Amino acid sequence: MGTATAMEVEEPKSKNLGLKNSIQTNFGNDYVFQIVPKDDWSSMAVSLSTKAVKLYSPETGQFQGECKGHSDSINQISFSVSSSSSSPHVLHSCSSDGTIRAWDTRTFQQVSCISAGSSQEIFSFSFGGSNDNLLAAGAKSQILFWDWRNGKQVACLEESHIEDVTQVRFVPDNRNKLLSASVDGLMCIFNTDGDINDDDHLESVINVGTSIGKVGFFGETYKKLWCLTYIESLSIWDWKDARNEANLLEARSLASDSWTLDHVDYFVDCHYPGEGESLWVIGGTNAGALGYFPVNYRGVGTIGSPEAILGGGHTGVVRSVLPLSSMKGRLAQSQGIFGWTGGEDGRLCCWLSDDSTEINRSWISSALVMKPSKARKKNRHNPY
């Protein structure tokens with residue numbers, strides 16, 4: 001692949017960020033859907049539109065192996081099973097084929113499979129519960145629960161949503177609370193203690209008003225919630241009080257006005273570094289440029305000038321961003337790696353946060369550079 005044209009954008013208080021390398025994951029028109037890290041960062045899993053998951057080294061980009069078995073689109077992948085997991089090498093994936101599968105990433109073989117039925121689709125899953133024994137899944141207007149230790153289904157909630165449940169997330173630091181989000185525009189909070197049912201365990205309902213695509217928790221006690229919709233609006237909530245703190249209906253225009261590149265066409269994700277109250281929304285152009293835009297959700301919600309711009313790596317829509325700012329250990333610092341991105345061009349791009357390259361100049365704020373890890377509460381969980 002030829003070197004992309006260099007891009008220079010003047011942003012204040014910034015330092016150079018460059019493209020280290022890129023990997024073509026395919027020989028066709030495959031998409032990269034999602035990139036997730038193994039707990040020790042020795043591996044990252046990449047879900048593809050080929051219904052397969054490929055594994056690479058985050059440090060070198062070396063291909064490690066492939067997990068194949070799903071018969072329909074893979075909708076989510078995750079290494080994290082539970083806080084007490086003794087199997088850090090196990091990767092989970094859910095699919096529109098109605099299954100949640102577990103893979104041993106040492107052998108790349110399937111080791112278990114939970115099925116919701118061939119007529120179902122599983123859009124999202126999350127491990128949690130007060131005893132860390134629950135596996136929750138979002139499906140067609142249903143939320144399903146299994147005891148992941150024995151694979152037995154323990155509950156099915158059918159009355160809370162009327163359309164596809166796109167997201168389920170157990171709340172960090174409140175592991176018995178589950179958030180669900182749906183195409184019907186509703187987010188629900190459930191208490192999953194005891195025998196779970198719609199009547200007694202639904203604690204609150206938040207009406208976002210439009211189809212919900214992605215959600216996540218942030219803030220020091222993880223009491224704040226961000227929500228990205230399919231019309232690219234962004235809202236911020238206090239989930240404990242079901243209170244809206246910011247509603248950015250024109251988020252794309254706000255982001256577009258704060259940089260000099262093309263119009264922001266879509267949002268990939270939000271980024272919370274794991275401490276403090278800061279939040280960034282990651283916006284992209286159809287041509288493949290990305291910006292990390294700080295979100296000011298206090299008072300009248302605004303979106304600031306991008307504190308990082310990643311340009312020259314992708315030629316199409318970017319689907320997933322894996323920032324290494326939360327990486328444990330010193331790999332990111334020693335390598336100067338800012339993160340990885342993947343998209344509809346089938347390409348994985350690795351970005352550097354130091355001055356070691358003159359290729360594809362972009363910019364990054366010191367606020368986004370990985371800082372030495374501080375002593376953290378032992379029970380703090382990453383939302384993903």
Side-chain angles (χ1 to χ4, degrees), residues 33-37 76 78 80 124 126 166-173 179-181 187 206 208 210-239 244-256 258-259 264-285 289-298 301-310 317-327 338-343 351 364-365 367-370 380-384:
F33 284 147
Q34 190 183 6
I35 313 169
V36 301
Q76 185 190 331
S78 175
S80 54
S124 179
S126 184
T166 52
Q167 298 275 273
V168 288
R169 294 284 181 266
F170 281 100
V171 182
D173 292 354
L179 171 83
S180 63
M187 294 190 291
I206 294 171
V208 178
T210 188
S211 299
I212 301 164
K214 283 187 178 180
V215 296
F217 299 96
F218 72 104
E220 284 293 359
T221 59
Y222 288 108
K223 65 180 295 188
K224 296 187 187 300
L225 173 66
W226 59 262
C227 172
L228 284 172
T229 72
Y230 285 121
I231 61 167
E232 311 296 345
S233 62
L234 170 65
S235 55
I236 307 295
W237 304 80
D238 182 316
W239 66 265
N244 179 248
E245 297 197 354
N247 196 18
L248 303 171
L249 296 175
E250 302 299 328
R252 278 184 297 179
S253 295
L254 292 172
S256 300
S258 71
W259 72 352
V264 173
D265 295 303
Y266 56 91
F267 292 117
V268 183
D269 210 337
C270 285
H271 173 60
Y272 173 59
E275 59 186 23
E277 302 289 327
S278 298
L279 184 73
W280 287 266
V281 63
I282 305 170
T285 70
L290 287 177
Y292 271 68
F293 299 88
V295 180
N296 179 6
Y297 51 87
R298 296 173 181 84
T302 59
I303 293 177
S305 297
E307 294 181 1
I309 294 175
L310 286 64
V317 171
V318 177
R319 289 291 195 101
S320 187
V321 177
L322 174 62
L324 271 61
S325 60
S326 57
M327 176 185 279
F338 175 73
W340 287 83
T341 55
W351 302 89
I364 177 173
S365 160
L368 284 167
V369 177
M370 178 182 165
R380 176 69 58 90
H381 295 269
N382 186 301
Y384 302 104

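Quantities reported herein were computed from a predicted structural model and do not represent experimental measurements. Residues: numbered from 1 along the sequence shown.
- Taking the salt bridge (charged side-chain N to carboxylate O under 4.0 Å, His left out) definition, one finds that Arg252 meets it with nothing, sequence neighbours left out.
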ring-ring contact (aromatic ring centres under 6.0 Å, His included) assessment of Tyr222 paired with Trp239: CA-CA 9 Å; Tyr222 288 108; Trp239 66 265; over 10 Å; no
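- Here the side chains of Ser235 and Val208 are in contact, with some heavy-atom distance below 4.5 Å.
- Between the side chain of Asp238 and the backbone N or O of Glu245 there is no donor-acceptor pair closer than 3.5 Å.
- Side-chain contact between Leu179 and Val215: present, with at least one pair of heavy atoms (C-beta onward) separated by less than 4.5 Å.
- A donor-acceptor pair under 3.5 Å is absent between the side-chain atoms of Lys214 and the main chain of Gln167, judged by distance alone.
- The main-chain N or O of Gly216 is never found under 3.5 Å from a side-chain atom of Tyr272 such that the two would form a donor-acceptor pair.
- Counting only heavy atoms from C-beta outward, the side chains of Asp173 and Thr221 never approach each other to under 4.5 Å.
- Annotation: the span from Asn247 atom CG to Leu234 atom CG amounts to 8.5 Å, rounded to 0.5 Å.
- The number of heavy atoms from other shown groups lying within 6.0 Å of CD (Glu277) is above 12.
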Please step through ring-ring contact (aromatic ring centres under 6.0 Å, His included) for the pair Phe217 and Phe170, ending with a clear verdict. CA-CA 10 Å; Phe217 299 96; Phe170 281 100; over 10 Å; no
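- Judged purely by atom type and a 3.5 angstrom limit, Thr229 has no side-chain atom pairing as donor or acceptor with the backbone of Thr210.
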Dump the intermediate steps for side chain to side chain contact (heavy atoms under 4.5 Å, CB included) on Val321 and Leu290, then the final yes or no. CA-CA 10 Å; Val321 177; Leu290 287 177; 3.9 Å; yes
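- Between Ser320 and Asp269, the closest side-chain pair of non-hydrogen atoms is not below 4.5 Å.
- With rounding to the nearest 0.5 angstrom, the CH2 atom of Trp340 is 13.0 Å from the CG atom of Leu310.
- At distances below 3.5 Å, not a single donor-acceptor pair connects side-chain atoms of Ser180 with backbone N or O atoms of Val168.
- A heavy-atom distance below 4.5 Å is found between the side chains of Tyr266 and Val318.
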Stepwise side chain to side chain contact (heavy atoms under 4.5 Å, CB included) test for Phe293 and Ser258: CA-CA 9 Å; Phe293 299 88; Ser258 71; 3.4 Å; yes
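- The CG atom of Leu225 lies 8.0 Å from the CD1 atom of Ile236; values are rounded to the nearest 0.5 Å.
- Rounding to the nearest 0.5 angstrom, the gap separating the CD1 atom in Ile206 from the CG atom in Asn244 is 9.0 Å.
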Evaluate side chain to side chain donor-acceptor pair (under 3.5 Å) for Ser124 paired with Gln76, printing each intermediate quantity in order. CA-CA 6 Å; Ser124 179; Gln76 185 190 331; 3.0 Å; yes
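- Looking at Glu232, its side chain does come within 3.5 Å of a backbone N or O of Phe267 through a donor-acceptor pair.
- With values rounded to the nearest 0.5 angstrom, Cys227 atom SG is found 11.5 Å from Leu248 atom CG.
- A distance-only check finds a donor-acceptor pair linking the side chain of Ser256 to the backbone of Val264 [under 3.5 Å].
- Remark: side-chain polar atoms of Thr166 are paired, donor with acceptor, to backbone N or O of Ile212 under 3.5 angstrom.
- Although no hydrogens or angles enter the test, the distance criterion places a donor-acceptor pair under 3.5 Å between the side chain of Glu220 and the main chain of Gly276.
- Partner of Tyr297 under the ring pair (Phe, Tyr, Trp, His ring centres under 6.0 Å) criterion, chosen from Trp237, Trp226, Trp280, Phe218: Phe218.
- Ring pair Phe338/Tyr292: centre-to-centre distance below 6.0 Å.
- In this structure, Leu254 CG and Thr302 OG1 are separated by 7.5 Å, a value rounded to the nearest 0.5 Å.
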